[in-house]
Amino acid sequence: PDSKQGIGLASLVMTLGAEAPGGGWQRIVLMYPVDLYSEGVADAVSAAPSMKNFIVLKEPLPYMPLDSVEAAAKYDYSQILAAARRVAAIRPQPRIFIFPVLGFYLPAPILRAFQEVGLFNEKAVVFTSDSGFSNEIDRVVTQQPAYLAASLGMPAEALWSNARG
């Protein structure tokens, strides 16, 4: 259930955060699409007793699943980039990010936006819920390049040519 994943993520953050260099983690950012599953996980993370020593910031995202090439072509990456810019403007800048997402709401565009605004470096840590990578994984894996390319406004061939160098 959503609450168990949220409590598990919170426990993981608490355990690893206590061991972090420099006195531990303080700010956690939850970025999630507005859907029942993701909101349930995000609510469970922020309400978990283990999170009482953290500042938990929520950044809801529009629900834009990447479940077909057509849906991906309508994907509005600018909304994800705007959310990443809002998070990048927070001071002190958070370094811990949790993405509770459903299988077809792939975290790749979120990760790309974070990279674009400079949020990913050696100090950043990203957690995602199990569903973000495992729901209907076979279909996601076989279609992901086309979905990702369409969501970024490029043909799939361009995505692979960039990956090859």
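Residues take their numbers from the sequence shown, with the count starting at 1.
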Does any N or O in the side chain of Ser46 come within less than 3.5 Å of the main-chain N or O of Ala42, such that one atom is a donor and the other an acceptor? yes

What one should report as the nearest heavy-atom pair of Pro62 and Gln79 is CG-OE1, 2.8 Å

So does Ile98 get a backbone contact from the side chain of Tyr32, meaning a donor-acceptor N/O pair under 3.5 Å? no

Contacts table for residues 81-91: side-chain donor-acceptor under 3.5 angstrom, sequence neighbours left out:
residue	atom	partner	partner atom	Å
Arg86	NE	Glu59	OE2	2.9
Arg86	NH2	Glu59	OE2	2.5
Arg91	NH1	Ala88	O	2.5

side-chain contact (heavy atoms from CB on, under 4.5 Å) partner of Phe127, the single match among Leu30, Ile96, Ile28, Val45: Ile96

Mind running side-chain contact (heavy atoms from CB on, under 4.5 Å) on Glu39 and Val34 for me, showing each step along the way? CA-CA 6 Å; Glu39 289 177 303; Val34 177; 3.6 Å; yes

Do NZ/NE/NH1/NH2 and the carboxylate oxygens of Lys74 and Glu70 come within less than 4.0 Å? no

Leu111 and Val126 have their tightest heavy-atom pair at CD2-CG1, 4.3 Å

Sequence neighbours excluded, the answer for side chain to side chain donor-acceptor pair (under 3.5 Å) partners of Gln93 is Arg95

Heavy-atom pair with the smallest gap, counting every atom of Tyr63 and Pro33: CD1-CB, 4.0 Å

Provide the closest heavy-atom pair for Pro94 versus Arg27 in the form atom of the first, atom of the second, distance. CB-CB, 3.9 Å

Minimal non-hydrogen separation, Tyr75 against Met64, with atom names: CE1-O, 3.3 Å

What residues form a side-chain contact (heavy atoms from CB on, under 4.5 Å) with Ser50, not counting sequence neighbours? Ala10, Ser11, Met14, Ala48

Roughly how far, to the nearest 0.5 Å, is the CG atom of Leu61 from the CG atom of Asp35? 10.5 Å

Taking C-beta and beyond as the side chain, do Lys58 and Asp43 meet within less than 4.5 Å on heavy atoms? yes

To the nearest 0.5 Å, atom OG of Ser38 lies from atom CE of Met31 at 12.0 Å

Please enumerate all residues that pass ring pair (Phe, Tyr, Trp, His ring centres under 6.0 Å) together with Phe97, with sequence neighbours excluded. Phe114

Shared hydrophobic cluster, Ile7 / Val56 (ILVMFWY, side-chain heavy atoms < 4.5 Å): no

